[in-house]
Each structure stands twice: as structure tokens, then as C-alpha cells.
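What's counted below: heavy atoms across the whole structure, side chains too, no hydrogens, waters or symmetry copies. Throughout, protein chains are lettered first and strands after them, A, B, ... in sequence-line order, and every chain is numbered starting at 1.
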Number of protein chains: 2
Amino acid sequence: MLLTPGWEANSNEPQYAQLYAYLKKEIAEGKLPENTRLPSVRKLADLLGLSTTPVEMAYQQLLAEGFITSRPRSGYYVEHLPEPEAKPLASQSAAAAVIERPLLRDSRQYEYDFHMSRNDFSLFPYVEWRRLYNQTLVLEQQDDLFFGDPQGEPGLRKQIARYLHQYRGVDCSPNQVVVGSDQFGMLSLLSLILKPEYPQIAVENPGYLLFARTFTHHGFEVKPVPLEYDGIDIGELHRSGARLAVVSPSHQYPRGMIMPISKRLQLLDWAKTVDGYILEDDYDGEFRYHGRPIPSLQGLLPKANVIYMGSFAQVVAPALCIWYMVLPESLLDRYYALVSETLLEQSASRLHQRTLETFMEKGLLEKHLRKMRSLYRKKHDESIRAVHEHFGDRAVLYGKDAGFHLLLRVDSPYTEQEMRELAIQAKVRISPASFTWIQPPAETHKEFFLGFAGIPLEKIEPGIRALAAAWLH
Amino acid sequence: MLLTPGWEANSNEPQYAQLYAYLKKEIAEGKLPENTRLPSVRKLADLLGLSTTPVEMAYQQLLAEGFITSRPRSGYYVEHLPEPEAKPLASQSAAAAVIERPLLRDSRQYEYDFHMSRNDFSLFPYVEWRRLYNQTLVLEQQDDLFFGDPQGEPGLRKQIARYLHQYRGVDCSPNQVVVGSDQFGMLSLLSLILKPEYPQIAVENPGYLLFARTFTHHGFEVKPVPLEYDGIDIGELHRSGARLAVVSPSHQYPRGMIMPISKRLQLLDWAKTVDGYILEDDYDGEFRYHGRPIPSLQGLLPKANVIYMGSFAQVVAPALCIWYMVLPESLLDRYYALVSETLLEQSASRLHQRTLETFMEKGLLEKHLRKMRSLYRKKHDESIRAVHEHFGDRAVLYGKDAGFHLLLRVDSPYTEQEMRELAIQAKVRISPASFTWIQPPAETHKEFFLGFAGIPLEKIEPGIRALAAAWLH
DNA sequence: ATGGATTTGTCCGTATGTATG
DNA sequence: TCATACATACGGACAAATCCA
């Protein structure tokens with residue numbers, strides 16, 4: 001059996017490995033049937049002109065994987081394999097059939113990119129961040145390479161609590177802050193905590209689809225609640241029967257309205273009444289361009305039934321993958337129970353957490369935030385100016401003075417689909433807002449997201465001019 | 001009303017902010033009731049000895065937050081606030097009641113730390129990693145700061161596919177590889193994909209509790225299936241009725257057995273028969289100390305119904321937070337559907353992904369892995385030697401030759417609880433294995449995890465000597 | 001049936017070429 | 001450049017199983 005030529009030739013592979021592979025194949029293909037006794041180590045070594053070691057190593061490996069058994073001082077015997085000939089073992093070099101993944105990101109080349117959630121990284125503090133990261137990753141602090149606090153680094157949570165208090169009026173202690181790497185993960189956590197007691201959740205319609213979709217997938221019954229001019233319809237919210245609600249009070253997505261204080265109090269009152277919770281989505285709360293930031297809903301009343309959620313994606317960079325939420329004290333017990341039951345580990349890199357902590361501690365975040373706000377304000381103002389100049393009274397803008405996009409309602413003779421194609425022809429990247437409806441109304445307007453954060457300042461005016469030329473007639 | 005003294009004194013706060021805060025407080029406390037007309041901008045500015053600008057800014061801010069409304073050419077009027085006196089607004093400096101979190105990590109000081117899943121970072125390639133990270137984070141590659149591919153960076157996925165093929169015998173293309181930041185997140189993803197069709201899941205008993213617990217929380221019915229001497233009981237698996245199973249074939253957790261090839265084939269056959277999936281947990285597959293690594297179950301047969309899961313936590317460091325799984329092609333459609341429906345973003349830092357990609361590309365991972373394997377082998381061998389020396393025939397070791405821990409079964413006159421306390425008194429950190437039972441059997445042995453990876457080599461022998469002295473009599 | 005010779009798995013010390021630092 | 005470490009391969013030693021006169 002073993003004198004098959006050719007297996008000794010390629011000498012870059014060690015002998016024992018070649019012998020192992022050969023025997024494995026013979027057994028798998030049934031050429032060496034069950035209970036066959038293999039030649040003894042010495043015999044085979046002699047036969048092959050080798051020492052016993054490589055033969056022994058090959059046998060040991062087959063033994064570890066269960067192809068053969070050893071009866072000491074008797075011999076090695078082939079094990080029983082179920083249905084050997086029906087199932088050839090996979091060749092190591094089998095070429096996997098290539099399945100093409102669907103196109104998830106639009107990678108076409110545009111001259112003017114008004115995509116709604118792009119960032120401008122020209123002002124990113126590269127030097128400082130590299131320096132702080134390098135200071136974090138040193139031999140003397142080996143522990144930072146290990147698993148950290150599942151809730152997030154204590155020092156970072158302290159900084160976040162301080163920052164949120166100062167910039168967003170959030171009222172919390174560091175042990176209410178939970179750090180994570182992404183929104184999906186945090187929502188999964190929340191789902192596991194809340195689902196048993198709160199199987200329904202109300203969302204704004206129109207609103208950020210991620211919430212509706214993610215909670216649906218987690219088994220919640222999602223109740224779309226219509227917006228009024230000043231935010232979610234509290235009456236409808238009561239009638240929905242839900243005891244959970246996701247809202248974006250500081251700058252509603254997508255329509256950009258600020259929820260007035262009276263409605264905020266009604267909303268908090270609703271949560272108390274139904275003994276439920278509000279999930280406050282504060283994705284762009286720091287970015288308000290005229291006047292001070294709108295303080296968060298969370299800090300409006302003490303012990304409010306609010307879960308506050310935010311991230312450093314916009315303030316620093318998405319690639320850090322650091323998100324946070326602030327849990328009300330009434331949910332902490334359930335959170336800790338989940339952590340210990342599921343052996344949950346922190347998902348945001350400890351190195352980045354520690355780097356960010358120092359970054360904040362040294363006041364660099366405030367400094368960077370000021371620069372970014374100023375840059376985005378310029379782009380915001382220029383966008384509005386350019387729309388007025390080129391669209392005149394053929395367009396209305398919603399959601400001004402904050403965030404990273406404007407909502408542009410256009411009076412155009414074309415359909416939305418036609419407008420999309422015309423924009424592409426004009427090399428302008430811009431998304432319609434129609435997809436933000438969970439339940440579309442009978443009549444929709446032609447509305448588009450004009451994202452101004454990612455596009456260079458000097459391209460705003462020509463981009464909008466190109467859009468107006470394409471759409472108006 | 002406005003001549004309240006004291007509000008002008010502290011001049012580090014801008015005037016408009018002071019005015020805004022003062023008016024907000026007055027309104028919230030009901031001292032300025034609904035529909036009260038505020039003084040006009042000019043009047044108030046005169047009264048306070050200010051220009052109109054700060055007054056107007058304060059009014060604009062109150063307006064934006066909905067405390068007041070503007071009637072053009074008439075004046076600003078206080079809005080209706082529900083139940084004002086019943087709910088005082090939260091003081092900005094309210095001291096939140098401090099809820100103590102439960103002690104999740106044992107932080108006592110031990111002389112000998114045999115905790116099962118610690119790492120040794122003395123050989124971490126600090127210099128190389130810093131260098132590669134710094135090369136990744138540069139102005140010229142701004143895009144790396146933005147959101148990346150939700151599935152993981154294509155370059156990294158390519159490297160992972162290559163690496164898994166070479167080191168673990170995994171047979172896949174890069175588009176079957178899904179990157180994530182943590183195990184919980186990946187399991188959440190899988191749960192959403194699989195739960196509708198596969199509401200039950202079988203787990204090894206004893207086994208890694210994380211799986212049982214996490215899937216239970218995600219609404220699965222978890223079926224514990226007993227182990228045989230060579231791995232999960234296939235007959236019981238059939239009888240469980242489940243069509244999903246989590247197994248660790250290369251090095252079972254916690255008992256360390258290697259699933260032999262015949263059982264592997266039976267297991268794959270089971271998956272085909274019930275048209276289900278095996279989740280292969282390969283948490284330490286790279287670390288085999290004598291002989292070659294055991295190839296993965298995933299690559300044993302072409303197109304096997306196996307989801308393979310691994311991470312860089314052990315090979316590089318947990319703090320990177322980079323995990324991966326390899327999906328069978330039959331699940332790719334469902335995965336992509338979920339990604340686009342829930343607007344899923346990648347949770348592992350793009351900067352770390354890119355750094356790791358280069359790290360692998362340059363062959364540094366292989367190099368580092370060799371070093372780590374060698375280091376851990378020394379500790380592994382020394383642990384076995386020391387146990388033989390100090391325990392003699394009073395202890396048996398399971399799960400040798402691989403991974404990061406040994407299972408130590410001790411013949412001791414003490415109960416498990418007494419042994420735990422004796423270990424602590426001897427300044428030894430060691431965990432019992434009893435908690436790995438999902439359903440504990442009638443009779444359990446006194447078994448402990450002897451984690452050897454994290455403890456310094458020279459502390460192994462004295463640590464085990466101390467243990468033997470404490471436990472034996 | 002038996003005792004000695006042989007065969008066998010297993011263990012161990014050593015040598016060599018290559019890669020590493 | 002040189003010293004070291006490592007994977008691989010070699011040959012021998014031991015004791016138990018097997019075989020045979």
C-alpha cells in the first residue's frame with residue numbers, strides 16, 4: 001500500500017506531515033478499512049527509509065484526531081468511520097464557490113456628495129490621538145490589553161458623565177453609564193432587559209428606521225406614532241398601548257424639529273403614567289449652530305424614566321466604535337443581572353476607551369468639538385444660503401440650525417425616482433427622505449436629505465447649483 | 001421681576017446664558033405663568049444695561065426649547081406647561097444616589113493566579129503594533145475614520161480566510177467571513193437570523209455557560225446534551241429535537257477532549273439530517289502544544305452546515321475586540337438581509353481592523369503566534385510536572401496538550417467550598433469547574449480549572465505546591 | 001502451559017538545518 | 001555577525017504485549 005510514488009518528492013513539507021496526510025486520505029477514502037492494523041513504527045520507518053520519529057509523529061497526530069486508536073505494545077488500528085465512501089473529505093484546496101454580496105454601500109464616483117451622514121475628518125486631531133494611543137499601549141500597562149470592565153472603563157464613564165452633564169444637561173452618575181461598541185449591540189442589550197415586561201415599543205413616524213427594524217427583529221411589536229409639528233403625538237402615544245417609546249427630542253430625525261418643553265414634560269408624564277421608559281436618541285445633540293445646545297430630556301426632571309443614548313461617532317469618529325447609554329437607576333439591577341448571567345464582556349476596545357478617557361481628561365474633546373461645530377456651522381450656513389440662491393421659493397428647508405443635514409422639500413415637475421436619476425446624472429449624491437416612513441402617508445412630498453457635513457465647503461454652492469439646474473424647470 | 005440681585009455677579013458665564021437660565025427657572029417654577037408677555041427685547045436690554053443681542057439670544061434659546069412662543073410684532077409669551085409646581089426641574093448639581101454595582105471581577109490580591117482565562121502580554125508586539133496603528137491613522141487615509149464595511153474590512157476578511165485555511169483547515173471565501181467586536185453581538189446576530197426557523201438549540205453539558213445563557217435570553221429553548229468520553233452524545237442530540245447545536249470539537253470546554261473524526265462525521269451527518277446547523281466554538285484551536293493543531297470541523301466536509309466562530313482575543317489581545325465567524329453559504333442571504341434591514345454597522349474599530357490586516361499581511365501574526373504557543377507550552381508542561389510532583393496520585397489532569405487551562409480533579413478530604421476557602425487562604429486564585437454544568441449530575445467531583453496562561457512561569461511550581469499543601473492530608 | 005525471544009508503543013537525549021533577534 | 005531557539009529527524013532505552021518453540 002505504502003509504496004505509492006510521489007509523496008516523498010516535495011521536500012519542503014516535513015516527512016511526518018506528508019505521511020500523516022497520506023494516511024488520513026487512505027483512511028477517509030476507505031482504502032484502509034476499519035480495524036486494519038497499521039505497520040509498526042519501526043517497520044514503516046525501515047520500509048520508508050526513515051527514522052522512527054516522523055512515523056511516530058504522524059501516528060500521534062492521527063491518534064489525536066481520532067482516525068486511529070493505539071493498543072499499547074500491540075499496534076495502531078484504524079477506527080470506525082461512518083459511511084466512508086459516500087463522503088469524501090474536503091480537499092484543503094477546494095475552491096469555494098464565490099457568492100457575490102449585494103451592494104450595501106454606494107461606491108459610485110460623485111462630484112458632490114450630500115450623503116446625509118458623512119463626516120469631515122480634515123480636522124481630526126491625528127497627532128494628539130496617536131500620541132495618547134501610544135502612551136496607552138505600553139508594556140507597563142499590560143492590563144489594558146486584557147478584558148476590561150464589562151460596563152466600560154470606570155475612568156471613561158466618569159468622563160462621559162461629566163461631559164454629558166456639562167454639554168447635554170444629562171443628570172447621571174458614572175455607574176449609570178454603559179459603554180458599548182455599536183448601536184445594534186446596545187439595543188440588543190436593552191431588548192433583552194426590557195422585552196419580557198415591555199413587549200411593545202412606540203417609534204416616531206417618520207423616524208430613524210434602525211430602531212423600528214431592530215426592535216422588530218428582537219421580537220417587539222413596533223407601534224408607529226405620527227409626528228405633530230412639534231414632535232411625537234402624545235395622544236396617539238397614549239392610545240398606542242406601548243409603554244416604551246423611542247424619541248429624538250433635541251433634533252428629530254428626519255424632520256429636525258425640537259420638542260418644546262411642554263411636550264417634553266407631557267412625554268415624561270406619559271412615561272410615569274404607564275410606568276414605562278423613553279429611549280432618548282441624541283445622535284447629534286452637541287451640534288447646534290445658533291444658540292446653545294438643547295439640553296437633553298433625560299436631565300429635565302430628576303429620576304426621569306429615560307434611557308439616554310449617544311456616541312462618539314460624530315464628535316470624534318465612527319471608527320472608534322464607542323457608544324454609550326445612560327440607564328435610569330431603576331434599570332441598573334436588571335442590567336447587572338444580565339451582565340453576570342450572560343458573562344457579558346465589553347465590546348469597545350479598551351485601548352480606545354483609555355485613549356478617549358485621557359483625550360477628554362485633557363480637555364481635548366471640548367477643543368475638538370468647538371472646531372468641528374464651527375466648521376459644520378460654516379457648511380450649514382452656506383448650504384442654506386445656496387439653496388435660497390438657487391432654488392428661491394421652489395424649495396423649503398426643514399431642520400435647520402443643528403445636526404448634519406437639512407431636509408429639502410422641492411417643488412419639481414419630476415417624480416422622486418426621476419429626481420434621483422437626474423441627481424446621479426448631475427454627479428450629485430443625495431438621498432430621498434421617503435424611506436424614513438415606517439408607514440407612508442397617503443401623500444408624500446418630494447423631500448431629500450441634504451447632508452452638509454461631509455462635503456467640502458467650497459463644493460456646496462456648485463453642488464446645489466447643479467441640483468437646482470437638474471430638478472427645476 | 002427681573003431686578004433679582006445676584007445674577008449679574010458671576011461674570012464667567014455669558015450674559016445671555018445667565019438671562020436664559022434665570023428666565024427658564026422662573027417659568028419652570030410657575031413664577032411667570034402661562035401667557036405672560038415678556039418684556040420686549042429693547043425694553044429689557046435697557047433695563048439691564050445690556051445691548052439687545054444677549055437678550056435676543058436668550059429669548060431665541062427659550063423659544064427653541066419651547067418655553068415661550070413668539071407672536072411676530074406682538075411679543076414673546078410664556079407657553080403652557082403641564083403641572084409646573086408638582087415637578088421641580090432637576091437641579092443641575094443634583095447628587096445622584098449612588099447605586100453600587102455588584103462585584104463582577106475578583107480584585108483581591110493573590111500571590112498565585114491560576115484564573116482560567118488570563119493572558120500573558122509580556123511578549124505582545126508593542127512596538128510593531130504601535131507602528132502599524134500610527135501608519136493606519138494618517139490624514140491621507142481619512143476614510144478609515146468613517147464607517148467601514150458592516151461585514152468587516154474586505155482586506156481583513158481576506159487575511160482571516162487565508163489564516164483560517166492555513167492554521168485551522170477552515171474552508172471558506174472572504175465573503176463568508178463576518179467580523180464583529182464581541183461574542184455577544186455575534187450571537188445576537190445569529191439569534192436574529194436563526195431563531196425564526198430554529199427555536200431550539202442544543203448545548204454541551206457541561207459546557208461554556210455563555211452560550212446557554214445568551215441563547216436563553218434571546219428566546220431559544222436550550223437543550224443540554226450530555227457529554228460522552230469523546231464529546232457530545234450524538235444519540236441524545238438526535239433525541240433532543242433541536243436542529244441547532246453548539247459544540248467545541250477541537251478542545252471541549254471545560255473537559256478538554258478532542259472530538260474524534262468518527263464522531264465529527266456523525267455530527268455533520270446529524271446536521272444534514274435535521275437540516276440544521278452546528279455552531280463550532282473554536283476558542284483556543286490555535287493553541288496545541290504537542291503535535292499539530294486539530295483541523296476544524298468546518299473544513300472536514302465541503303459545504304458543511306457549520307458556523308465557525310473564533311477571535312483574536314487569545315492570539316493577540318482581548319482589548320482589540322475583534323471577533324469573527326464564518327457563515328455557511330446557505331446563511332449568507334439571511335445575513336445580508338438582516339444587515340440591510342437593520343442598517344447594521346460594523347462594531348469592531350476600523351482602525352484596529354486595518355492595523356490587524358497589515359499585521360497579518362506582513363506575517364507578524366504567525367510569528368507572534370509561534371512565540372505565544374512556545375511560551376504557553378512551557379507553562380503547560382511545567383504545570384503538569386508540578387502537579388505530578390506535588391499531588392502525585394491524589395490528582396488527575398484532564399484536557400492536556402492544548403488551550404489555556406487544565407482540569408484538575410483532586411482527591412481531598414475537604415468539600416469544594418472548603419477547598420475554595422483554603423485556596424484563598426493560601427493566596428491562590430483558582431476556580432472550581434462545577435459552574436460549567438447546565439444541569440448538574442447527581443454526583444460531582446472536586447474539579448478545578450488550573451489556568452496556566454496568565455501566571456508567570458516561575459510561579460507555577462510554588463503555586464501548585466501551596467495548593468497541594470492546603471488541600472491534601 | 002510456559003518461559004524466553006521478539007515485537008511493539010512510548011519515552012527520551014541528541015543532532016541538524018533554519019529562522020529569529 | 002553571532003548566539004539562540006525551534007522544528008524536525010535520528011537512534012536508543014524501557015516495559016508490556018505478543019508470539020513461538
Side-chain angles (χ1 to χ4, degrees), chain A residues 1-2 7-24 27 32 35-79 139, chain B residues 120-132 163 166-169 258 260 286-295 315-316 359-389 392-393 396-397 400-402 457-458:
Chain A
M1 66 163 215
L2 280 160
W7 76 271
E8 207 180 352
N10 50 337
S11 53
N12 52 345
E13 186 85 350
Q15 291 167 316
Y16 82 93
Q18 291 181 50
L19 183 55
Y20 154 77
Y22 173 79
L23 288 171
K24 180 170 154 180
I27 296 171
L32 286 174
N35 273 328
T36 310
R37 183 175 175 281
L38 295 183
S40 79
V41 177
R42 268 169 277 254
K43 282 261 179 66
L44 187 50
D46 261 10
L47 193 64
L48 298 171
L50 302 171
S51 80
T52 57
T53 313
V55 179
E56 197 180 328
M57 287 174 77
Y59 281 11
Q60 285 299 320
Q61 188 67 25
L62 291 168
L63 184 64
E65 295 182 31
F67 284 96
I68 60 177
T69 49
S70 157
R71 293 185 218 157
R73 278 118 214 151
S74 165
Y76 291 100
Y77 298 85
V78 174
E79 267 281 6
L139 183 63
Chain B
D120 188 329
F121 296 118
S122 56
L123 297 181
F124 185 86
Y126 294 93
V127 176
E128 291 85 349
W129 189 269
R130 281 199 297 261
R131 192 164 47 81
L132 295 178
Y163 167 80
Q166 186 177 342
Y167 279 79
R168 309 294 305 112
I258 299 165
E286 291 94 343
F287 290 90
R288 192 159 165 74
Y289 304 122
H290 297 104
R292 295 218 154 175
I294 309 295
V315 190
V316 188
F359 191 75
M360 294 175 81
E361 200 176 49
K362 290 182 182 296
L364 295 171
L365 184 68
E366 279 90 338
K367 199 169 147 185
H368 182 241
L369 181 55
R370 272 196 300 276
K371 278 160 64 174
M372 295 307 293
R373 188 150 44 191
S374 164
L375 174 65
Y376 287 159
R377 176 171 53 221
K378 283 200 186 79
K379 296 186 177 187
H380 166 267
D381 293 353
E382 169 68 1
S383 300
I384 292 175
R385 197 200 57 72
V387 167
H388 285 158
E389 180 185 342
D393 57 359
V396 187
L397 287 171
K400 288 188 271 201
D401 289 341
L457 182 60
E458 66 277 11

### Query
Base, backbone or nothing for each nucleotide of nucleotides 15-21 of chain C, written B, S, -, heavy atoms under 4.0 angstrom, 5' to 3'?
-----SS
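Using a 4.0 Å heavy-atom cutoff across all strands shown, A:Gln60 reaches sugar-phosphate atoms only and no base atom. Heavy atoms of B:Arg373 sit nowhere under 4.0 angstrom from any nucleic acid atom.
Checking each of B:Trp129, B:Phe124, B:Tyr163 against B:Phe359 for a ring-ring contact (aromatic ring centres under 6.0 Å, His included) leaves exactly one that passes, namely B:Trp129.
Side-chain contact between A:Tyr59 and A:Ser40: absent, with no pair of heavy atoms (C-beta onward) separated by less than 4.5 Å. Taking the side chain as every heavy atom from C-beta outward, A:Ile27 and A:Thr36 never approach each other to under 4.5 Å. Contact check for A:Leu48 versus A:Leu19: side-chain heavy atoms found under the 4.5 Å cut-off. Within the 4.5 Å cutoff, side-chain heavy atoms of B:Arg131 are placed close to those of B:Glu128. Side-chain contact between B:Glu286 and B:Leu365 is absent, with no heavy atoms from C-beta onward closer than 4.5 Å. At a threshold of 4.5 Å between non-hydrogen side-chain atoms, the residues A:Tyr16 and A:Leu50 do not count as touching. With a 4.5 Å cut-off on side-chain heavy atoms, A:Lys24 and A:Glu65 count as touching. With contacts defined as side-chain heavy-atom distances shorter than 4.5 Å, the pair B:His380/B:His290 qualifies.
A salt bridge is defined here as a Lys NZ or Arg NE, NH1 or NH2 lying under 4.0 Å from an Asp or Glu carboxylate O, and B:Arg385 with B:Glu389 meets this definition.
OP1 or OP2 of D:dT8 has not a single side-chain nitrogen or oxygen of A:Gln15 nearer than 4.0 Å. Listed pair A:Ser51 / D:dA9 fails the phosphate criterion, with no side-chain N or O lying under 4.0 Å from OP1 or OP2. Phosphate proximity of D:dA9 to A:Thr53: absent, as no side-chain N or O sits under 4.0 Å from OP1 or OP2. The shortest distance between the side-chain N/O atoms of A:Tyr16 and the OP1/OP2 oxygens of D:dT8 is below 4.0 Å.
The distance between atom OH of A:Tyr76 and atom C1' of C:dT10, rounded to the nearest whole Å, is 7 Å. Computed from coordinates, the B:Arg385 CZ to C:dC11 P distance equals 17 Å when rounded to whole Å. Rounded to whole Å, atom P of D:dC10 lies 12 Å from atom CG of A:Leu19. If you measure from atom NE2 of B:His290 to atom P of C:dC12, you get 10 Å, rounded to the nearest angstrom. One can place OH of A:Tyr59 at 12 Å from P of C:dT10, the figure rounded to the nearest angstrom. In this structure, A:Tyr20 atom OH and D:dA9 atom P are separated by 15 Å, rounded to whole Å. Taking atom CG of residue B:Leu375 and atom C1' of nucleotide D:dA5, one finds them 14 Å apart after rounding to whole Å. The nearest whole Å value for the distance from the CG atom in A:Asp46 to the C1' atom in D:dC10 is 13 Å.
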Could you run down the sub-3.5 Å N/O contacts of the protein with nucleotides 12-21 of chain D?
| from | atom 1 | to | atom 2 | distance (Å) |
| --- | --- | --- | --- | --- |
| D:dA13 | N6 | A:Arg42 | NH1 | 3.2 |

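Comparing D:dT8, D:dC6, D:dA7 by their nearest atom to the side chain of B:Lys378 picks out D:dC6.
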